[in-house]
Every structure is written in C-alpha cells, then in structure tokens.
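Here it is, the structure in full.
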Amino acid sequence: RLSSMKVAVVGATGLVGGEILKVLVERNFPVSEIIPVASERSIGKKISFKGKEYAVVGYETAIAMKPNVAIFSAGGSTSLEVAPKFAAAGITVVDNSSAWRMDPTKKLVVPEINAYTLTKEDKIIANPNCSTIQMVVILNPLHTKYKIKRVVVSTYQSVTGTGKAAVDQLFDERVGKENIARVYPHKIDLNVLPHIDVFLENGYTKEEMKMILETKKIMMDDSIQVTATTVRIPTIGGHSEAVNIEFEHDFDLAEVRSILENEEGVIVQDDPKNFLYPMPITAHGKDEVFVGRIRRDESQKNTLNLWIVADNLRKGAATNAIQIAEYLAKNQLI
C-alpha cells in the first residue's frame with residue numbers, strides 16, 4: 001500500500017486538470033491533501049474533490065504547502081517558469097506540457113516502457129505528447145520482438161486536445177451559433193484540418209515533429225525512422241491513428257495479436273466480420289490503449305498496418321501522469 005501524500009494539481013481548472021482530479025479518485029491514489037493550483041485569475045475558485053470543495057491557490061502558496069508531487073497541466077510557458085521553483089523546493093514535478101520533453105537532462109516517460117529509468121534525482125519529469133503515448137505503447141513490444149525500421153503515422157485527433165475553447169467552438173458551430181470565439185483558423189464541424197500546432201520551416205507541424213522526436217527518445221532508439229501527418233477532426237472521445245510499421249524481421253499475425261493481447265494497458269479489438277474495431281466513442285473515459293485493424297501491408301515485406309485509439313485526456317495526459325506518480329510512490333522515489 002502506498003503512503004498518503006500531498007498532491008498539487010497545477011492547472012486544476014482546465015480540461016486536463018479536471019481529468020487529473022477525476023483519475024486520482026478513480027485509481028485510488030493515496031492523497032492525504034489535494035492542492036488545486038492555477039494562475040492568478042483563477043485563485044479562489046472552487047474545485048470539487050472526493051465530495052469536498054477546495055479553493056484554488058497560486059503557485060507560491062502551493063510551493064509553501066510542500067506537496068510531495070505536483071502534476072502540471074498549465075501550458076509550456078507556465079511550466080518553464082514555475083516547475084523549476086517547485087523542483088528547487090524538493091517537490092517532484094510531472095509535467096504535461098511540451099516544455100521539458102526534448103530537454104536532454106529530463107526523462108520523457110511512458111511507465112509501461114521506461115519508468116525504470118527514474119530516480120530520486122528526477123525532479124522534473126516530462127509526460128509525452130498524447131498522440132505519441134498511445135502509439136509507443138503499441139510499438140514498444142513489437143519493436144522488442146521484430147525491431148522497427150520505420151513508422152508512418154496519420155492521426156485523427158479530437159478537439160479536446162486543443163482545450164475547452166475548441167470544444168466550445170465545435171458545439172457552437174453545430175447549433176449554428178453566430179459570432180463565436182474561434183480557436184481554429186477554419187470551421188471544425190463537418191470538416192477536417194490537416195494542421196495541429198504551428199507550421200515549421202520544414203513544412204511539418206510542431207505536433208508532427210513531436211511524434212517523430214519523442215518516439216525515438218521514449219523508446220531509446222534513434223534508428224527508428226518516423227514520419228507523421230497530424231489531423232484535427234470534429235470528435236471529442238479521443239485520438240485515432242493509422243500506423244504503418246516496417247520491421248527488420250518478418251512476423252506472424254497471430255503472434256502479433258498475442259503480443260498485444262498480453263501487453264499491460266492494451267485492449268485488442270480486431271474482429272472486422274462483426275465490425276469490432278477501436279473508435280473514439282468507445283475509448284472515451286477509458287485508460288487503456290485500443291488497437292485493431294491488424295493486417296499485413298501487402299505492398300511491402302515485413303510491414304504491418306494497425307489502427308490505434310485512446311482517450312487523449314486520459315492515457316494521453318492525466319492517466320499517464322498519474323501512473324508516473326504511482327511508480328514514483330511505489331518505489332519510494334518521492
């Protein structure tokens with residue numbers, strides 16, 4: 001049994017912050033005291049946790065309260081400014097933003113893959129990008145068995161990945177509301193935007209480069225070649241990915257299914273005759289990564305096609321961060 005501890009949730013009033021509070025309860029994380037934290041404009045707001053209301057506090061107040069762990073979901077600029085202050089006070093930070101992911105001095109962690117690399121000295125731990133997390137959970141056991149050469153991924157990502165304002169835009173458009181606040185440069189309802197995050201000089205978006213670079217770092221293998229196209233679609237249940245994987249060694253489809261069925265946190269839904277395959281609407285609210293449409297690429301040897309779906313606010317953010325905290329607590333690293 002884990003010892004009870006003080007937990008700060010930084011960005012507690014946001015979409016992911018709310019999900020973190022929910023998942024802490026659902027997973028029965030041993031919270032002795034919850035400390036909801038947000039920016040100055042949200043100080044004093046009330047959030048609910050285990051049937052009680054708590055007032056949101058500011059960053060300095062939270063540090064003074066000395067939580068054992070602070071789970072951040074407050075954006076990159078806030079993390080860059082505030083996370084080092086928590087760390088300097090001896091508080092372990094698990095950060096959901098992109099701020100620290102590619103910092104060579106920080107660990108980028110998916111617990112099923114590389115939690116074993118964590119030590120007491122890791123005071124700022126990066127949570128990967130939501131699309132990367134669900135993909136590498138599936139890739140890693142297959143890489144161990146067959147060695148991956150190249151991955152081609154196209155994503156179909158929920159508006160929840162952009163935040164509450166994006167969800168509001170979708171539903172305001174759906175009911176025909178006029179003069180709405182827009183997060184995206186185009187209408188999102190009944191549309192598809194091949195554009196997530198900012199465009200870079202190489203023609204890729206920042207989201208696409210996150211998937212490329214983070215995959216290599218998490219799996220600790222720079223030889224894996226990755227190319228990505230990330231797309232926003234008008235759904236709210238989770239992110240979907242079409243993934244094409246080229247291996248060095250050939251594979252047996254029955255063995256691939258068996259490997260994935262026995263992987264922690266993975267659910268195989270692969271019965272096309274009965275129309276069973278992963279979908280955001282059925283992954284919504286779940287912690288697992290769902291995989292289906294498992295089939296050989298008949299155009300190229302040693303190559304596999306998969307369809308991967310996960311709730312981006314859960315395993316793609318809140319759940320993964322809490323699993324990191326669980327590992328730290330279980331191994332007495334905080």
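All figures in this text were calculated on a predicted structure; none of them were measured in a lab.
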Counting neighbours of NE2 on His186 that are heavy atoms of other residues, nucleotides or ligands and sit closer than 6.0 Å, is the number greater than 12?
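No - once you tally the heavy atoms of other residues, nucleotides and ligands closer than 6.0 Å, there are 12 at most.
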
Taking the side chain as everything from C-beta on, heavy atoms only, tell me whether Met209 gets closer than 4.5 Å to Asn202.
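Side chain of Met209 against side chain of Asn202, heavy atoms only: contact under 4.5 Å found.
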
I'd like to check the side chain to side chain donor-acceptor pair (under 3.5 Å) partners of Ser48; sequence neighbours left out, ordered by chain and number.
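So Ser48 forms no side chain to side chain donor-acceptor pair (under 3.5 Å) with any residue.
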
Side chains of Val110 and Pro128: does their closest heavy-atom pair fall under 4.5 Å?
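A side-chain contact exists here, since the closest heavy-atom pair is under 4.5 Å.
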
Let me see the working for Tyr204 and Thr227 under side-chain hydrogen bond (donor to acceptor under 3.5 Å, both in side chains), right down to the final yes or no.
CA-CA 10 Å; Tyr204 286 77; Thr227 189; 3.3 Å; yes

Decide yes or no on side-chain contact (heavy atoms from CB on, under 4.5 Å) for Tyr184 and Asn191, but give the supporting numbers first.
CA-CA 11 Å; Tyr184 301 121; Asn191 199 14; over 6 Å; no

Could you pull out the closest heavy-atom pair between Thr117 and Lys107, with the gap in Å?
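Nearest heavy atoms, Thr117 then Lys107: O-NZ, 2.7 Å.
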
Verdict with supporting geometry, Asp122 and Thr92, side-chain contact (heavy atoms from CB on, under 4.5 Å)
CA-CA 7 Å; Asp122 293 308; Thr92 300; over 6 Å; no

Is the backbone N or O of Ala317 less than 3.5 Å from a side-chain atom of Asn127, with the two atoms forming a donor-acceptor pair by type?
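Checked: pair present.
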
Distance from Asp221 atom CG to Ile148 atom CD1, nearest 0.5 Å?
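One finds 9.0 Å between CG of Asp221 and CD1 of Ile148.
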
Spatial distance of atom CG (Asn140) from atom CD1 (Ile113) [nearest 0.5 Å]
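Reported value, rounded in 0.5 Å steps: 4.0 Å.
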
Is the shortest heavy-atom distance from the side chain of Pro36 to the side chain of Val9 under 4.5 Å?
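A side-chain contact under 4.5 Å is absent here.
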
Applying the 4.5 Å side-chain criterion to the ILVMFWY set and letting contacts propagate, would Ile218 and Val243 be lumped into a single cluster?
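Yes, because Ile218 and Val243 connect within a single hydrophobic cluster, where side-chain heavy atoms sit under 4.5 Å apart.
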
Any chance NZ of Lys50 has more than 12 other-residue heavy atoms, nucleotides or ligands included, within less than 6.0 Å?
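It does: Lys50 NZ has more than 12 such atoms within range.
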
Do Val268 and Ile294 come close enough that some side-chain heavy atom pair is under 4.5 Å?
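Val268 vs Ile294: side chains touch.
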
Count the heavy atoms of every other residue, nucleotide or ligand shown that sit under 6.0 Å from CD of Glu53, and state whether that count exceeds 12.
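More than 12 within 6.0 Å, yes.
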
Distance-only, no hydrogens or angles: does the Thr235 side chain make a donor-acceptor pair with backbone N or O of Gly237 under 3.5 Å?
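No.
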
Thr205 side chain vs Phe199 backbone, donor-acceptor pair below 3.5 Å:
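No, because the side chain of Thr205 does not come within donor-acceptor range (under 3.5 Å) of the backbone of Phe199.
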
Only counting residues at least two apart or in another chain, list the ones meeting ring-ring contact (aromatic ring centres under 6.0 Å, His included) with Phe171.
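For Phe171 there are no ring-ring contact (aromatic ring centres under 6.0 Å, His included) partners, ignoring immediate neighbours.
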
Does atom CD of Gln332 have more than 12 heavy-atom neighbours from other groups under 6.0 Å away?
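12 or below, so no.
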
Please check: side-chain N/O of Asn96 versus main-chain N/O of Phe72, any donor-acceptor pairing under 3.5 Å?
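Checked: pair present.
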
What residues form a ring-ring contact (aromatic ring centres under 6.0 Å, His included) with Phe290, not counting sequence neighbours?
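Residues passing ring-ring contact (aromatic ring centres under 6.0 Å, His included) with Phe290: none at all.
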
Sequence neighbours left out, what passes side chain to side chain contact (heavy atoms under 4.5 Å, CB included) with Asp250? Give chain and number order.
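In terms of side chain to side chain contact (heavy atoms under 4.5 Å, CB included), with neighbours along the sequence ignored, Asp250 is linked to Arg296, Asn302.
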
Any chance you could measure Leu260, atom CG, to Ile308, atom CD1, to the nearest 0.5 Å?
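Atom-to-atom, Leu260:CG and Ile308:CD1 are 8.5 Å apart.
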
Say whether, by atom type as modelled, one donor and one acceptor occur between the side chain of Thr132 and the main chain of Cys130 under 3.5 angstrom.
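Checked: no pair found.
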
Name all residues meeting the salt bridge (Lys or Arg N to Asp or Glu O under 4.0 Å) criterion together with Lys106; count only those two or more places apart in sequence or in a different chain, and write none if there are none.
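Expected list: Asp103.
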
Partners passing ring-ring contact (aromatic ring centres under 6.0 Å, His included) against Tyr146 (at least two apart in sequence or in another chain)
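Checked Tyr146 against ring-ring contact (aromatic ring centres under 6.0 Å, His included); matches are Phe247.
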
How would you list, by chain and number, every residue that makes a ring-ring contact (aromatic ring centres under 6.0 Å, His included) with Trp100, sequence neighbours excluded?
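For Trp100, no residue satisfies ring-ring contact (aromatic ring centres under 6.0 Å, His included) once neighbours in sequence are set aside.
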
Could you state the interatomic distance from CG (Asn129) to CD1 (Ile212), rounded to the nearest 0.5 Å?
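Result: 11.5 Å between the selected atoms.
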
Mark yes or no for whether Asp252, through its side chain, and Ala254, through its backbone, hold a donor-acceptor pair below 3.5 Å.
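Here the side-chain-to-backbone pair exists.
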
With sequence neighbours excluded, what pairs up with Glu214 under the salt bridge (Lys or Arg N to Asp or Glu O under 4.0 Å) test?
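Listed in chain order: Arg101.
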
Looking at side-chain heavy atoms only, is the closest gap between Leu142 and Phe251 below 4.5 Å?
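Not touching, per the 4.5 Å side-chain cut-off.
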
With sequence neighbours left out, write down each residue that passes side chain to side chain donor-acceptor pair (under 3.5 Å) with Thr13, or none if nothing qualifies.
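Per chain and number, Thr13 pairs via side chain to side chain donor-acceptor pair (under 3.5 Å) with no residue.
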
Any Lys/Arg nitrogen of Lys216 or Asp222 sitting under 4.0 Å from an Asp/Glu carboxylate oxygen of the other?
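Salt bridge flag = no for Asp222 with Lys216.
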
Whether Gln134 side chain and His239 backbone form a donor-acceptor pair below 3.5 Å
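Confirmed, Gln134 side chain pairs with His239 backbone.
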
So do Arg27 and Gln323 actually touch side chain to side chain, heavy atoms under 4.5 Å?
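Yes, close enough: below the 4.5 Å cut-off.
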
Within the side chain of Ser158, is there an N or O that forms a donor-acceptor pair under 3.5 Å with the backbone of Thr160?
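Answer holds: yes.
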
Would you mind reporting whether Ile267 and Lys286 have side-chain heavy atoms less than 4.5 Å apart?
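The answer is no; the side chains never approach within 4.5 Å.
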
Shared hydrophobic cluster, Ile236 / Val309 (ILVMFWY, side-chain heavy atoms < 4.5 Å):
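In one cluster: no.
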
Going only through I, L, V, M, F, W and Y residues with side-chain contacts under 4.5 Å, is there a path from Val69 to Ile125?
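Same hydrophobic cluster.
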
Side-chain contact, heavy-atom cut-off 4.5 Å: Thr215 with Leu139?
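Thr215 vs Leu139: side chains touch.
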
Test of understanding: with side chain to side chain donor-acceptor pair (under 3.5 Å), list the residues that count as partners of Glu173, not counting sequence neighbours.
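Scan of Glu173 (side chain to side chain donor-acceptor pair (under 3.5 Å), adjacent residues dropped) gives Gln169, Arg182.
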
Taking the side chain from Thr78 and the backbone from Gly75, do they hold a donor-acceptor pair closer than 3.5 Å?
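Checking the backbone N and O of Gly75 against the side chain of Thr78, no donor-acceptor pair under 3.5 Å is found.
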
Checking Lys147 against Ser223 for the side-chain contact (heavy atoms from CB on, under 4.5 Å) test, could you report, in this order, the C-alpha distance in whole Å, the side-chain angles of both residues, the deciding distance, and whether it holds?
CA-CA 10 Å; Lys147 188 157 177 58; Ser223 74; 3.6 Å; yes

Joint cluster assignment, Leu15 & Val56, ILVMFWY side-chain distance < 4.5 Å:
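As far as the 4.5 Å side-chain criterion goes, Val56 and Leu15 are not connected within one cluster.
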
Pair Asp168, Lys164 - check salt bridge (charged side-chain N to carboxylate O under 4.0 Å, His left out), show working.
CA-CA 6 Å; Asp168 290 343; Lys164 183 180 181 300; 2.9 Å; yes

Look up atom CD1 in Ile35 and atom CD1 in Ile63, then write down how far apart they are to the nearest 0.5 Å.
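Those atoms lie 10.5 Å apart.
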
My understanding is that only residues two or more places apart in sequence, or in another chain, count here; which of them pass side chain to side chain donor-acceptor pair (under 3.5 Å) with Lys6?
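Checked Lys6 against side chain to side chain donor-acceptor pair (under 3.5 Å); zero matches.
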
Is there a donor-acceptor contact under 3.5 Å from the side chain of Asp297 to the main chain of Ile245?
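Answer holds: no.
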
Lys315/Glu112 ion pair, N-O < 4.0 Å:
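So Lys315 pairs with Glu112 through a salt bridge.
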
Stepwise side-chain contact (heavy atoms from CB on, under 4.5 Å) test for Ser73 and Ile20:
CA-CA 9 Å; Ser73 187; Ile20 289 167; 4.1 Å; yes

Kindly write out the residues that satisfy salt bridge (Lys or Arg N to Asp or Glu O under 4.0 Å) with Lys187, not counting sequence neighbours, or none if the list is empty.
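None.
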
Atom CG of Leu80 and atom OG of Ser97: how far apart are they, to the nearest 0.5 Å?
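Rounded to the nearest 0.5 Å, the CG-OG separation comes to 6.5 Å.
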
